[in-house]
Amino acid sequence: MKLWQVLVATLLAVLLVSFLTTALWRAVFDARMPSYIAGMVGGVAAVFVWSFLQRYRHKNRPGDGSSGPGNT
């Protein structure tokens, strides 16, 4: 994956997790969630997504000698 693809995927994950967290909060507590909490949860999710995508990116880089598809 290229860097811009990793950035877009991470941003989408942050937005999705923040939205889902806010919807769950509203369903459970019947109140609005403070935006800083939704942002914090999205930021924590971004750390995990970024880390996963960076490992995936480096693992599947062509020519690095790994045993990925096409490498024997």
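A quick note: this is a predicted structure, and the numbers were derived from the prediction, not measured.
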**Exercise: identify the closest heavy-atom pair between Ala38 and Thr22** = CB-OG1, 3.7 Å
**Message:** Minimum heavy-atom separation for Met33 and Trp25, please, with both atom names.
**Reply:** CE-CE3, 3.4 Å
**Request:** Starting at CE of Met40, measure out to OG of Ser35 and round the result to the nearest 0.5 Å.
**Result:** 11.5 Å
**Message:** Are Trp50 and Phe52 linked, directly or through intermediate hydrophobic residues, by side-chain heavy-atom contacts shorter than 4.5 Å (ILVMFWY only)?
**Reply:** yes
**Message:** Under the side-chain contact (heavy atoms from CB on, under 4.5 Å) test against Leu53, which residue among Val6, Leu7, Leu3 passes?
**Reply:** Val6
**Message:** How close do Val14 and Gly42 get, counting heavy atoms only, and between which atoms?
**Reply:** CG2-O, 3.4 Å
**Message:** Hydrophobic clustering (ILVMFWY, side-chain heavy atoms < 4.5 Å, transitive) - are Tyr56 and Val47 grouped together?
**Reply:** no
**Asked** CG/Leu15 to CG/Leu20 distance, rounded to the nearest 0.5 angstrom?
**Response** 11.0 Å
**Request:** Answer yes or no: is there a donor N or O on one side and an acceptor on the other, between the side chain of Gln54 and the main chain of Ser51, under 3.5 Å?
**Result:** no
